[in-house]
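Please read the structure below before turning to the comments.
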Amino acid sequence: MPAAPLAALEPVPVQGKPGIFISYNHKDKIIASALEESLASLSDCNIFIDHAGLEGGDDYEAKISEAIRASHWFVMVCSGAAKPEKDMSWCYYEAGQFRAKLEAADQAKAIRDRLCYLYDGERPSQLTRYQGYLISTADRSGKPLNVNVESDDSIGYESTELFNFLDLILTRSRISPLRNINDPNVRKLMRSGVRKITCAFEQNRIDDVVGEEVFQPRISFRIPPPSGEVKGLGPETVIAGEYRALQDIFSIAGSEATWADVKVKSSRYSSNGMIPLWINDLEAAATDVARGDVPRQTDFLCFGSDEKYYRPIIARYEKFRSSAKKCYVAFIPARDRRFNLTFKTSLLLSALILSVRFRQRVLPLVEDLKKLQQAPESRKTELLQKIQNEIVMVEAEAMEFGLSPPKDEHDEPPLLSSFRDGPDKDFLRAEINRWSGTRAAIFNTIGEARDPKKETSWSEAATTVIAGFENLSRINGTFIDLVCNELLYAEKVESAGAVSRKPDAGLPILSQVAG
């Protein structure tokens, strides 16, 4: 509510010194001090401000209540009171005591006039019924005031709401005014008080955050307050993008999307539509945050629609009074691991690395599964899910190397383009196609075992997986041998071409090792 015209306010029926209680959050201490000094220089009032009115050993609450009962004015400092880091609850408690005191004295009509607040931003919703005075560095006509210049004595200070507030204290604190506000010296003091208090408001908010520069793509989402079940990221969670994160990484137009949209877009490069592992890890990390734990960060990379790799990490979160949390996920650019696939040796080398990865990380788990035929369902469940995760990890690494999977059954696997025509190439084509079908069957049966609506047990899924990997160890060994042989041949061919272009160039190490 804007300040009421002074003519509409009744003087305080008090003899002697009126009391003024200044209520503030300690983040606004410099404002409260400037307000106290200005009022003290203008009037002979009893001013209570806690850092001056309290001593060690005092009963804090009792002393505060006593000061409120002795005060005729209640003035609250509300500098940026809407900010979540500033707790104004104690100030509102003190205001409630002042209100109760007036009501008990049958002065309820005076509450709106004598409970005042000074604010410099959005008007506090809890105080709209009382006397609010906006603090501004410009006069009512919009002309700037030089509040940081101590010698400035512009007449514009008189055209401010804060000047009206000082007028109110001087003329309505008792039946007769405390000072003659028509006296030029008094008005000069009032202008000085306006400048001093306004300058304190400005200094107090000099460190307020007014913006943020984001140098990496970033998304954010809100985790609701806890209500029984722990909830992190759900399909309907709203994802806000910054620094073109949604456009460049997920090809999503606009600045907002749902988590379900992000997951669909993230799967566009995955074979058989598998969800990338960083997605699963981020969901687990969001659940950690919801529980109040330190989030586990993913080891996996996100391949963006801009064809760059990023490592997504939960960088920080903001906590609200409601216990809701706003999480920020930064996408840190990662080193591009892709081979130059214009060289056959690069393509073959990447295939060799991945074949060895498969032998080292997947096949031993299948052997462990064979030994657990009589094991409990829980152990089979754990091992089957680990097998699936390891397969996806190898596939994710293949993507990072630049080996994208075939788009459909008519698409030739990239590896075959580096092989000479013949039985070896035909063998590889047949085995790659066979693995594609086997992989689909394995993932389908594991998915059915995980789905409570399906009747597939984990034991049945284990049987399917073991059958799918039958002879795969032998085939993997043959695969590695063929790739090694072709790599040696391609390396010699490419080296010969390099030597013909640069006669002084030496043979690469692989040729020397191959003899």
Side-chain angles (χ1 to χ4, degrees), residues 1-9 20 22-25 27-39 41-43 73 75-83 86 88 91 112-172 177 179-213:
M1 176 180 292
L6 295 187
L9 302 180
I20 303 175
I22 299 175
S23 179
Y24 67 101
N25 179 286
K27 293 182 182 292
D28 295 330
K29 184 175 180 179
I30 64 171
I31 299 175
S33 296
L35 177 60
E36 178 197 22
E37 292 172 11
S38 299
L39 290 173
S41 69
L42 281 167
S43 64
W73 298 99
V75 184
M76 188 188 299
V77 176
C78 298
S79 167
K83 294 189 293 187
K86 182 177 290 186
M88 297 295 289
C91 295
R112 187 185 69 88
D113 301 335
R114 287 157 55 186
L115 198 159
C116 309
Y117 60 96
L118 310 181
Y119 68 103
D120 62 348
E122 184 179 350
R123 185 185 299 272
S125 59
Q126 300 94 327
L127 302 175
T128 51
R129 70 182 69 181
Y130 308 119
Q131 289 291 315
Y133 296 88
L134 176 64
I135 308 302
S136 175
T137 56
D139 63 19
R140 294 182 188 276
S141 68
K143 183 178 179 180
L145 301 169
N146 297 319
V147 297
N148 294 311
V149 179
E150 191 170 352
S151 60
D152 183 55
D153 187 34
S154 169
I155 195 67
Y157 290 113
E158 297 191 11
S159 181
T160 62
E161 293 188 18
L162 187 50
F163 190 88
N164 284 3
F165 166 73
L166 298 178
D167 189 341
L168 171 75
I169 298 297
L170 293 179
T171 61
R172 296 296 189 272
R179 301 290 294 270
N180 177 10
I181 63 168
N182 293 318
D183 184 327
N185 291 325
V186 172
R187 297 186 79 83
K188 182 179 178 65
L189 279 175
M190 293 172 68
R191 292 194 297 271
S192 176
V194 171
R195 189 201 64 78
K196 181 181 293 185
I197 296 169
T198 304
C199 184
F201 266 89
E202 282 295 291
Q203 290 176 351
N204 197 55
R205 65 183 183 184
I206 195 169
D207 291 325
D208 285 357
V209 176
V210 295
E212 180 181 18
E213 291 294 331

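The structure displayed is predicted, hence computed values, not measured ones. Hydrogens, waters and symmetry mates are skipped; everything else that's a heavy atom, side chains included, is used.
Checking Asp139 against Ser141 by side-chain atom types alone, a donor-acceptor pair falls below 3.5 Å.
Residues Arg172 and Asp113 are not in side-chain contact: their nearest non-hydrogen atoms beyond the backbone lie 4.5 Å or more apart. Using a 4.5 Å heavy-atom threshold, the side chains of Glu150 and Lys196 count as separate. In this structure the side chain of Ile169 never reaches within 4.5 angstrom of the side chain of Cys116, judged on heavy atoms. Two residues are said to be in side-chain contact when any heavy atoms from C-beta on lie closer than 4.5 Å; Arg195 and Leu145 fail this criterion. For the pair Gln131/Trp73, no side-chain contact is recorded, criterion being any heavy-atom separation below 4.5 Å from C-beta on. Two residues are said to be in side-chain contact when any heavy atoms from C-beta on lie closer than 4.5 Å; Tyr119 and Leu134 meet this criterion.
Rounding to the nearest 0.5 Å places CZ of Arg179 at 13.0 Å from CZ of Arg187. If you take CG on Asp153 and CG on Asn146, they are separated by 11.5 Å, rounding to the nearest 0.5 Å. Here CE of Met76 is found 6.5 Å from CG of Leu115. Values are rounded to the nearest 0.5 Å. Considering CG of Asn148 and OG1 of Thr198, their distance stands at 10.5 Å, rounded to 0.5 Å. How far CD of Glu37 is from CD1 of Ile197: 9.5 Å, rounded to the nearest 0.5 Å. Distance check, rounded to the nearest 0.5 Å: CG of Leu168 to CZ of Arg114 gives 10.5 Å.
Here the closest heavy-atom approach between residue Leu42 and residue Met190 is recorded as CD2-CG, 3.7 Å. Residues Leu39 and Leu166 share a closest heavy-atom pair of CD2-CD2, 3.9 Å. Here the closest non-hydrogen pair linking Leu127 and Cys78 is CD1-SG, 3.7 Å. Nearest heavy-atom pair across Asp183 and Asn185 is OD1-N, 2.8 Å. Between Ile31 and Ser79, the shortest heavy-atom distance links the atoms CD1-CB, 3.6 Å.
Scanning for side-chain contact (heavy atoms from CB on, under 4.5 Å) contacts around Ser136 gives Ala138, with sequence neighbours left out. Scored by the side-chain contact (heavy atoms from CB on, under 4.5 Å) test, Ile206 finds no partners at all (sequence neighbours excluded). Judged as a side-chain contact (heavy atoms from CB on, under 4.5 Å), and not counting sequence neighbours, Ser41 has no contacts.
The only member of Leu162, Asp120, Asp28 that meets side chain to side chain contact (heavy atoms under 4.5 Å, CB included) when paired with Phe201 is Asp120. When each of Phe165, Tyr117, Phe163 is checked for a ring pair (Phe, Tyr, Trp, His ring centres under 6.0 Å) with Tyr133, only Phe165 meets the rule.
The backbone N or O of Lys188 sits nowhere less than 3.5 Å from a side-chain atom of Ser192 that would complete a donor-acceptor pair. A distance-only check finds a donor-acceptor pair linking the side chain of Thr160 to the backbone of Tyr157 [under 3.5 Å].
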Practice task
Would you sort out whether Glu158 and Arg191 count as a side chain to side chain contact (heavy atoms under 4.5 Å, CB included), showing the intermediate values?
Solution key: CA-CA 6 Å; Glu158 297 191 11; Arg191 292 194 297 271; 2.6 Å; yes
Practice task
I would like to know whether Gln126 and Met88 meet side chain to side chain contact (heavy atoms under 4.5 Å, CB included); could you show each step before the answer?
Solution key: CA-CA 11 Å; Gln126 300 94 327; Met88 297 295 289; over 6 Å; no
Practice task
Take Leu170 and Val186 through the test side chain to side chain contact (heavy atoms under 4.5 Å, CB included) and record every step on the way to the result.
Solution key: CA-CA 10 Å; Leu170 293 179; Val186 172; 4.3 Å; yes
